[in-house]
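What follows is a short report on a single structure.
Please read all numbers here as calculations on a predicted model, not as lab measurements. Chain naming here is simple, since letters A, B, ... match the order of the sequence lines and numbering starts at 1 in each. Basis for what follows: all heavy atoms, side chains included, without hydrogens, waters or symmetry-related copies.
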Amino acid sequence: MFSFIVRRILVSIPLLFLASFIAFILVVNTGDPLEDLRTKINVPKGQIALQEHRLGLDKPFFERYFSWLTHAIHGDWGRTIKDKAVWDQISRSLGVTLKLVVFAEICSVLIGVTIGIISAVKQYSWFDHGATTGSFLLYSLPVLAVGSFLKFFLAIRLNRLLGREKNPLLKTIGESTANFCTVRKPQNCGLIPATTDFLTHAALPTLTLVLITFAGYARFARATMLETLNADYVRTARAKGLDEKRVILKHAFRNALIPVVTVVSIDFGGLIGGAILTETIFEWKGMGRVLVDAVTKVDPNLLLCWFAVTAIAVVLFNLVADILYAVLDPRIRL
Amino acid sequence: MINPPIPTPEIDSDVSEEILLDTLTDHDSVEREFTVEQRTQWKTIARRFSRHKPAMVSLVVFTLLVLFAFIGPYLWKYKYDQVLKKPAGASNDWIRPSWNHPFGVQKGYDVLALVMRGTQYSIRIALVVVVLSVTFGVIVGAVAGYFRGGVDNALMRFTDLMLVIPYLAAVAALQRNVKGSTWLYLSFFLAMFAWMGIARVIRGEFLSLREKEFVEAARSVGASAPRIIFRHILPNTIGPIIVNATLAVGAAVLGEAALSFLGLGVKPPDTSLGKIIEVGKGKATTYPNEFWWPVLVLCLISLTINFIGDGLRDAFDPKQNRVRA
Amino acid sequence: MSDEVAPILSVKDLTVEFPTDDGVVKAVRGVSFDVRPRDVLGVVGESGCGKSVSSMAIMGLLPKSARITGSIKFRDRELIGLKPKELRAVRGRQIAMVFQDPMTAMNPVYRVGWQLGEAIKAHNKHFDKKQVRSRSVELLNMVGIPQASTRVDNYPHEFSGGMRQRVMIAMAIANNPDVLIADEPTTALDVTVQAQILEMLIDLKDQLDAAIVLITHDLGVVAGITDRMQVMYAGKVVESGTAEDVFYTPRMPYSIGLLGSIPVHTQDPAAGARLKPIGGAPPSLINVPPGCPFSPRCPLSDGTLCETVDPPLLRVGPGHVAACHHSDELAAMEDPLRLFSATAVPE
């Protein structure tokens with residue numbers, strides 16, 4: 001097992017280096033970070049040269065890349081065009097994004113897989129038809145539409161229904177109320193009000209993510225379960241005289257678990273960069289916002305760090321998927 | 001032969017294989033046979049597809065959407081770039097939906113005309129993306145699956161690599177520096193990061209098909225690798241290609257819409273559904289028509305494409321009709 | 001049929017239908033047979049003739065969509081319409097089954113000991129872990145797995161095909177069943193292993209006092225070991241009798257066709273040079289045409305009676321029945337086994 005993990009890590013490292021190189025090419029081609037500065041009038045040449053030097057723009061491509069890479073490996077992600085530490089900004093946004101996506105993903109998986117299993121076991125029942133149609137529709141709808149619908153339609157009507165138009169229960173903007181805990185509002189300071197405030201903000205974006213994600217898992221779990229339920233070994237299990245619960249859980253589900261767990265762990269890797277639209281619709285200051293800012297303002301170090309964090313997450317969870325697969329399936333030699 | 005041959009259709013397949021082997025020396029007759037075979041196959045596929053009600057309805061709706069996007073602008077009385085002035089004596093509400101402007105007016109432009117043009121751009125972008133990414137993906141998958149070994153390894157590691165990079169961000173970064181007409185560049189960038197899925201599917205198909213008897217037969221009569229790939233194996237993967245290409249249209253429309261919604265996609269003078277939604281999002285509650293109409297069209301495209309893809313998948317691979325005996 | 005022993009398993013007028021998109025598939029169309037204790041019954045026919053579906057119906061393993069009529073009695077107890085719970089008590093305990101492909105019939109993620117233990121536990125709830133394990137090892141020994149006490153902790157993929165089929169048989173006999181249904185137990189195996197597995201099945205039958213229903217498309221498999229045989233075609237039994245009856249005095253052209261597809265050593269170069277396949281394919285079971293289902297492929301078909309009236313199973317000898325309008329002609333023939341050499345091999 002240990003050597004298997006080491007082997008997989010060794011394969012992943014060159015992949016990450018290559019990915020970082022491609023990301024660097026992309027970032028270099030994003031544009032000129034000092035465009036604004038250059039087009040302004042009355043900016044002394046010396047100041048532009050100074051900025052160029054600070055961002056390393058005056059060096060040739062490969063020198064720039066290796067300089068960035070060696071710093072990054074040592075944990076120094078450089079500074080933004082506004083001369084702030086990149087890592088501070090990324091880590092703050094990462095925290096905001098994780099608060100949203102991790103809980104949403106766990107909910108989606110649990111709901112989706114449960115629905116998928118019930119659908120497969122009761123194939124062609126009214127539940128199956130309903131779940132299949134419902135998840136197909138949700139699966140096909142754009143995030144844009146689901147999120148906007150919840151924000152502009154459901155939230156407003158629900159808040160009105162609850163008679164809370166002035167102080168809405170479901171908040172649609174940001175991850176927390178601005179200036180929530182101040183000297184003038186000491187009752188808002190503390191863990192409980194802060195948590196409540198967060199939950200009222202997180203409800204709708206989480207619901208958006210769950211609605212569009214669970215449907216995919218429901219479809220996948222259903223298809224996988226149908227396959228294992230029709231497998232020869234399930235027929236053997238029935239022929240032994242086992243009760244249906246045992247046949248479904250110990251035989252069909254245990255085998256369906258292998259692909260489901262693999263897919264879920266791979267998906268976890270894509271979460272950080274996967275909620276950009278939801279974050280934007282609900283105006284959270286997460287990784288999505290950082291990306292939009294870094295691209296529009298052409299902030300090379302910020303963008304590189306963004307790529308690095310998301311790519312590492314993808315590679316890491318691919319590794320987790322491989323390991324879980326090997327743990328769950330004895331046919332894989334470690 | 002180890003087992004006694006059982007008097008079943010298996011015998012027939014032996015016979016047909018012999019026929020195939022005989023005729024393989026004569027390429028023309030093989031091709032004739034293939035087309036005859038395919039015509040009947042297409043008929044059954046069309047029949048199965050036509051039985052899939054949601055897919056048929058979706059096909060009609062999608063066709064109407066295409067007509068709406070490409071023919072509509074010629075029939076509608078307002079053009080997308082026609083600046084409208086407030087009619088004399090009209091109230092400020094003239095920009096709300098009316099008989100004259102069913103979708104309302106946005107910043108002096110007719111929203112229906114804008115949505116038609118946006119839909120047109122969205123579909124155009126998606127088609128370019130699909131043609132490029134499917135072609136590239138099929139070639140990569142076919143080469144990897146057919147030659148296996150080192151070639152396969154190298155191509156698949158490259159595929160893995162491209163999957164590591166988040167595509168929305170990558171396309172956004174590339175698109176930032178594009179000036180002028182942007183939609184074709186955007187399509188190209190989207191395609192660059194959209195071919196990996198189909199490459200994997202086609203590789204899998206090739207890996208299993210290359211071991212089949214008809215490929216061995218072709219190889220044994222000395223058919224070249226390109227000939228085997230394109231003439232013998234590729235026609236057998238047409239099902240997965242069509243299904244994946246269809247679903248890719250939907251994915252491309254949504255990907256483009258997402259980027260443009262973030263303000264990182266197409267730029268004026270080009271437009272798209274995502275762009276119109278972005279412009280309208282601030283007024284989703286005050287002037288909902290400017291926002292919800294393009295959102296609705298986007299939903300319709302995504303839904304119909306997915307249903308059509310589903311119907312095609314059922315038509316090409318009707319597993320669920322088989323009864324276990 | 002003059003058998004004094006009461007049958008242990010009795011199937012009467014069994015029909016099985018599957019509704020599909022293209023129409024109702026009539027997979028089994030009125031099959032009747034009896035299995036007596038310690039009997040070996042061979043059921044022969046080509047794929048899709050309904051032999052596997054009949055056995056799955058006996059086990060109660062058909063999908064819910066299947067429509068089953070007729071009667072399946074085990075020791076005078078009707079199995080059709082039994083509650084799932086009651087049926088489970090029969091499955092694996094009184095009637096057990098060995099499946100065709102041992103590669104896929106075992107769950108890949110559990111050790112064989114676990115899977116055996118599950119079969120034991122299902123009908124012996126009071127067994128503790130130790131008892132289950134020692135019984136598992138005992139069963140593996142019975143089916144001839146070497147080093148059973150360590151192999152019990154192996155996964156299925158660590159066994160060869162023949163060994164896996166032995167494990168499958170061990171699972172089937174875990175609770176000393178009265179009837180063992182073996183559905184093509186050797187088809188997926190290497191020829192060298194086939195004979196060993198069959199031999200072992202017959203040994204086990206004597207040890208366990210069980211009856212065996214051996215389903216196969218391969219007459220060579222059943223030749224030496226069955227007491228009685230029945231030939232099935234298009235969802236029906238078309239001939240039934242002792243193994244000798246069917247082998248030496250077949251009274252239904254289809255049985256002869258099956259015999260003709262076994263390779264034999266013969267001095268006569270004309271007879272032995274080429275295997276004689278039966279031309280054509282079995283009829284669709286969705287719209288079964290009237291008349292004898294074999295008539296379109298039959299060299300004896302008269303084109304009138306054969307294509308309009310489905311022949312009933314008629315007695316052609318003691319304990320020997322056949323469904324053919326022309327069985328008398330076959331009886332009169334000098335060498336009925338040459339019947340198919342008269343027709344050309346179909347292209």
Side-chain angles (χ1 to χ4, degrees), chain A residues 1 4 117-129 221-222 224-262 321-334, chain C residues 19 52 55-56 58-65 84-112 114-125 153-158 167-168 171-172 174-175 177 180-181 183 188:
Chain A
M1 187 72 198
F4 171 79
I117 292 172
I118 298 174
S119 277
V121 171
K122 299 187 184 296
Q123 196 188 5
Y124 303 135
S125 66
W126 67 264
F127 179 90
D128 181 32
H129 285 300
R222 178 179 182 270
T224 317
M225 269 302 273
L226 279 180
E227 208 164 286
T228 56
L229 279 171
N230 283 313
D232 283 0
Y233 52 77
V234 166
R235 189 181 56 181
T236 308
R238 290 211 174 96
K240 286 176 186 171
L242 301 175
D243 60 82
E244 203 54 22
K245 199 176 129 200
R246 194 180 170 90
V247 171
I248 289 167
L249 291 179
K250 289 269 175 178
H251 289 272
F253 178 60
R254 173 62 179 74
N255 277 279
L257 207 56
I258 300 171
V260 168
V261 165
T262 308
D322 278 358
I323 294 171
L324 287 177
Y325 195 104
V327 168
L328 288 173
D329 192 337
R331 284 166 295 185
I332 305 295
R333 285 223 187 108
L334 294 179
Chain C
S52 291
S55 65
M56 299 293 269
I58 295 169
M59 292 292 286
L61 289 177
L62 288 174
K64 272 176 226 144
S65 61
K85 201 183 167 192
E86 298 167 316
L87 204 56
R88 279 204 296 274
V90 177
R91 276 207 295 256
R93 171 71 195 84
Q94 271 129 2
I95 310 176
M97 193 156 176
V98 177
F99 297 99
Q100 175 170 350
D101 189 355
M103 298 293 183
T104 55
M106 255 188 286
N107 196 325
V109 304
Y110 295 116
R111 296 170 203 278
V112 297
W114 190 96
Q115 300 188 49
L116 266 169
E118 191 184 46
I120 298 163
K121 266 279 211 189
H123 302 282
N124 300 285
K125 300 258 186 306
D153 291 323
N154 280 119
Y155 286 100
H157 70 272
E158 294 166 310
V167 177
M168 284 303 297
M171 266 185 228
N175 299 296
L180 185 62
I181 302 175
D183 186 0

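- Note on Lys250(A) versus Glu118(C): no salt bridge recorded, every NZ/NE/NH1/NH2 to OD/OE distance being 4.0 Å or above.
- Side-chain contact between Thr236(A) and Phe99(C): present, with at least one pair of heavy atoms (C-beta onward) separated by less than 4.5 Å.
- Residues His157(C) and Pro330(A) have side chains in contact (heavy-atom distance under 4.5 Å, counting atoms from C-beta outward).
- Side-chain N or O atoms of Lys240(A) include none that pairs as donor or acceptor with a backbone N or O of Leu116(C) at under 3.5 Å.
- Your options are Pro177(C), Ala105(C), Ala89(C), Pro156(C), and the one with the most heavy-atom pairs under 4.5 Å with chain A is Ala105(C).
- In this structure, chain A has no heavy atom under 4.5 Å from any part of Met103(C).
- Inter-residue side-chain proximity for Val109(C) and Leu257(A) is flagged as unmet; no heavy-atom pair is nearer than 4.5 Å.
- Using a 4.5 Å cut-off between heavy atoms, Met59(C) contacts chain A through its side chain alone, with no backbone atom that close.
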**OP:** Check the pair Arg331(A), Tyr155(C) against side chain to side chain contact (heavy atoms under 4.5 Å, CB included), reporting the backbone distance first and the verdict last.
**Re:** CA-CA 8 Å; Arg331(A) 284 166 295 185; Tyr155(C) 286 100; over 6 Å; no
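- Just one residue in the list Val234(A), Asn255(A), Asp232(A), Thr228(A) forms a side chain to side chain contact (heavy atoms under 4.5 Å, CB included) with Asn107(C), and that residue is Asn255(A).
- Between chain A and the residues Lys64(C), Gln115(C), Glu158(C), Met97(C), the most heavy-atom pairs under 4.5 angstrom are made by Gln115(C).
- Proximity to chain C (any heavy atom under 4.5 Å) is restricted, for Ile258(A), to the side chain, taken from C-beta onward.
- Summarising the geometry of Tyr233(A) relative to Met106(C), their closest heavy-atom pair is CB-C, 3.5 Å, with the distance given to 0.1 Å.
- Put simply, the side chain of Arg88(C) reaches to within 4.5 Å of the side chain of Asp243(A), judged on heavy atoms.
- Interatomic distance, CZ of Arg91(C) versus CG of Leu242(A), reported as 9.0 Å (0.5 Å rounding).
- Comparing Pro108(C), Ala122(C), Ala119(C) by how many heavy-atom pairs each has under 4.5 Å with chain A, the most go to Pro108(C).
- Of all the listed residues (Arg93(C), His123(C), Lys85(C)), the one sharing the greatest number of non-hydrogen pairs under 4.5 Å with chain A is His123(C).
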